[in-house]
Every structure is written in structure tokens, then in C-alpha cells.
Amino acid sequence: MITKQDFNRLTDYIWELPTTFHAQMTVPVWVFADEDLLEDALGDLSLQQAVNVAQLPGLVGHVAIMPDVHQGYGMPIGGVMVSRLPDGIISPGAVGYDINCGVRVLASTIDYASAQPWLADLASALYRYCPSGVGKGGPLALTPPVMDQVCLEGSGWALEQGYATEEDLARTEEFGCLAGADPQSASSRAKTRGHDQLGTLGAGNHFLEVDVVEQVFDREAAATMGLHQGCLAVQIHCGSRGFGHQICTDYVQQFQLAVLQYGIHLPDRELVCAPLNSPPGEAYLGAMKAAANFAFANRQLLAYQARRSFAEVFGSTSDRSSLRQVYDIAHNMAKLETHIIDGQPQEVCVHRKGATRAFGPGFEGLPTEYRPLGQPVLVPGSMGTESWILLGTAANEPLTYGSTCHGAGRVMSRHQAKRTIRGHQLRQDLEQEGVRVRAGSMAGLAEEAPQAYKDVSRVVETVSRAGIAHRVARLRPVAVIKG
DNA sequence: ATGTAC
């Protein structure tokens, strides 16, 4: 049992659980929250899970917990864990089942007020062209060699096929392609599950949304990003579908043996892991990168379908059909990066699970127009509520190793939400508020009700005040497509 | 999140 009294309050927004809290902890846990959000975090097992994570071997720095934290498989969703190279660990459960799940935002110059009469048609077109639902396949069935090519090239494959522009790739994390992906390390079962899922949305909290840019907080940054107050934007939230899920399943099973082989003590079986420089560790890393590239290509295909839908509704010859990419950034990944550890730059493996990379100004992996601003951070709210566009800060490096929050964060389990919320009623309520809803499953809709989530504005206010992200704009949904 | 169990 963890209580508020167990923490050292480092600042108004940082609470430290020191290593003295538990005999096996090797690094402290820092929770980024105000008093209310800390209370929320103490309401489930998420901080106990953070204490478990802090006992894994080969960690450095501290485990950072974001204000949108909630419990997950082994490691809480909304956590950052840093392991040292070359012999620190990598853990599939600390990446998440949806490898490289992330968000892409596209912006238009279409004014919401004048577009209103066509929004119902737009929602229907998007629902038609972006297949959604559990196990749902899409328009493409990739042959094994093409599947491998997608795993190796990510968005680069989509560019070759005419589904992307150069600017899309420039405005995607890692240009939409991680080097070192190894399709051979992904099982044939994973490839079979994924081969027809490129360009599909999936289910759960995944969605495609049409938003209106409701308020701009940083005028200059918003202008550079193509975000205009009162205009439409598109937000895509999804990941690597059954492909990444199967890879996680496969390696969680394989690593049961690895922990015995390498003598790793585990506080929770769900945290199975392997040394980064071991054969199983390297195999997972290669398979994880393959799934990441698949996810980048998947969001690229969905962006292509969103553009097709806009062109169909607003006319392909008009400027009004153009959707320019703002950015694409993941929130479920392990990345090899250099960070300042104990005052020295050190190469490490940063696991971000339900946490977004948020590098500050000057980062060379950004397109030149974004370099003075910092890296865009895309934070979806819960269904029917606001979403946020943020920027990374220089100040977050010693606090969160270049990371920030990823969303609202659950306060109600899926089961609890399904029990207490009626999908049909929720749909009516949303339509009443002016949000057009296209969903395959009313039970699925209920699981994603706004009541099941924290208030994203409190989460964003916390990361902003803690200095780990900077506010650019707030978006409001006007149409939502779900599985 | 997920062919919501092989």
C-alpha cells in the first residue's frame, strides 16, 4: 500500500518515491502530478507497478510517471523507464502490446463554419475508407516479401507506392522508418495477422477524428505547424494492430526462459525482460522495430484515406481538400537515445509506455522549420473531449529524459465502463453536442466514454506547469470514427 | 490494445 506520506515533494508537480521505500528498488520513482492527480494515481495499482519496474536490473536515473498514469500489463501506462547500455534490460511489457501506437495530426485551411453542412458526408466517407473494428482487414493484402519491405522501410514504402509525400515523412518521428528492423525476428503468425491490416484503425481507444482548432496558445508555433484557429484538422490514433500485438505476445512468452537463463529477479512475471546485448534481447529489439515501421506505414495509409475522403467531399481540385501533416509521434516504444545520466551523456534505452517523446528546441531529427520550436507532441483527449498540440521543452531532459504525457488516462476499467455506460445513449449525447459519430460497436463505444477517463485539460495543465511540455493549441472534435 | 482463450 502506497500513501501520499511515502513521497518527498520535490516541487509542486514532482513527487519522489525514494529507493528506501522498498528494499529491492534500485532507482527512485518520480510522479509528475498535482495533488488531485496523485490521488487518482493512488486509486489503482499503477504506482505499485512503478515500484516493481524500479526493481529491474540495469536501470539508471529514475522511473518517471506521467499525470495520465493508469495500470497496465506489468508497467503502468504513462511511465518512462531508462536502462543502461550495453547490458541493461529491454522489456516487451514496458513497451506495451500495441508497439509504436501513436498519433498523427493533419491540418487544413477549411473553415469549420462553412464546412458544417458536409461534415456528416465526411464522417461517412472516412468510416467507409478507414476500416475499423477488432480483427478487421483493410484494402491491401501484402505478400510475404512486401510485408518484409514494409517492416524494413515503414513510411518509405508508402512514399514509393504513392501514399505519402516527402513532407509527410519529414514531419514524422524518425522520418517514419527505424533502422535495424528485423522482419526475420517477427513470427510468421504475427505476419499472417498483420498482412491485411495496413490502413486499418482497429478498436479500443483507437480512432480517427475530425477536429476544429478551437484555441491557439502559441501563435507563432501554430502558424509554423499549419494550425489555424477555426479550421478543420484530422487526428489519427492507432498502432501496429495484430502484428505488433502478436510480436509482444511471442516475446513475453520467450522471455520467460530468458529471465531464468540470465538470472533476472522479477517482482512481477508480467515484467519479463532480457539484457539488450543478449540474443533474445536483440531479437525483440529487431522485431519491435519491424512493428514500429508497420505502425508508421499504417498511419500513413490512414492519412492517405483521410485525404481521399476530404477530396471526395470537398472536391479534389480545390485547396479545400488539402491536408498537410503537422506531425506523427508514438507513445509506446523503446528507443536507444543519449541522455544526461548523473551529469554525463550516456547511451541508454528509454522505454516510453503511454508516454510521448518530447524533445526540446534544436533537436536535429526535426525538419528545419520545427527545429527552433522543439518537437511537436500530440495528446488525444477521451472521445468527445478536447485534444492538445504541445511542444517538447529543453527543461524536460533532466526530469523525464525528453518525455511527456500521452492522453487523458483511464479512471474506470473497460469492464466497469461497459457495465455502467450505455453505448446508444452515449452516441445520442455526443450527436447532441455536435459530434458526428460513426462506430461499429456500441459496447466498444461505451468502453471509451469520456466518463471513463481523466480530464485531459488537468493532465495538460500539469505537464505545462511542470515544464515538461509547452501548449500550442487545443482541438475540439466534430466527427469521430471508431471500431 | 487484441482473430478479448488454443
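Small disclaimer: the values here were computed from a predicted structure and weren't measured. Labels below follow one simple rule: chain letters A, B, ... track the order of the sequence lines, proteins then strands, and each chain is numbered from 1.
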Check your understanding: If you look at every strand shown and take non-hydrogen atoms under 4.0 Å, does A/Q197 touch a base, only sugar-phosphate, or nothing?
Key -> sugar-phosphate
Practice item. Round to the nearest Å and state the distance from A/R189 atom CZ to B/dC6 atom C1'. Key: 8 Å
Review point. What is the distance from CD of A/Q246 to C1' of B/dC6, rounded to the nearest Å?
Key: 12 Å
Review point. A/G96 near the nucleic acid: base, sugar-phosphate alone, or nothing, with a heavy-atom cut-off under 4.0 Å?
Key: nothing
**Study point:** Plane angle bin for A/F294 and A/F243 - parallel if under 30°, tilted between 30 and 60°, otherwise perpendicular
**Key:** tilted
**Study point:** Closest-nucleotide 5' rank along DNA chain B - winner of A/V134 and A/H237
**Key:** A/H237
Review point. Is the A/H206 ring parallel, tilted or perpendicular to the A/H237 ring (thresholds 30°, 60°)?
Key: perpendicular
Exercise for review: Tell me whether the OP1 or OP2 atom of B/dT2 has a side-chain N or O from A/R241 closer than 4.0 Å.
Suggested key: yes
Exercise for review: Would you mind reading off the distance between A/D98 atom CG and B/dT4 atom C1', rounded to a whole angstrom?
Suggested key: 15 Å
Review point. Regarding A/R419 and A/Q416, is there a side-chain donor-to-acceptor distance under 3.5 Å anywhere?
Key: no
Practice item. Using only heavy-atom distances, determine whether the side chains of A/E448 and A/Y453 contain a donor-acceptor pair under 3.5 Å. Key: yes
**Study point:** Value in whole Å for how far the C1' atom of B/dC6 lies from CG of A/D250
**Key:** 14 Å
Practice item. In whole angstrom, give the distance that lies between atom CZ of A/R414 and atom P of B/dT4. Key: 14 Å
Study note, to complete from the structure: From CD of A/E270 across to C1' of B/dT2 the rounded distance in Å is 15 Å
Point to revise | Whole-Å gap separating P (B/dT2) and CG (A/D196) | key: 13 Å
Check your understanding: In whole angstroms, how far is the C1' atom of B/dT2 from the OH atom of A/Y251?
Key -> 19 Å
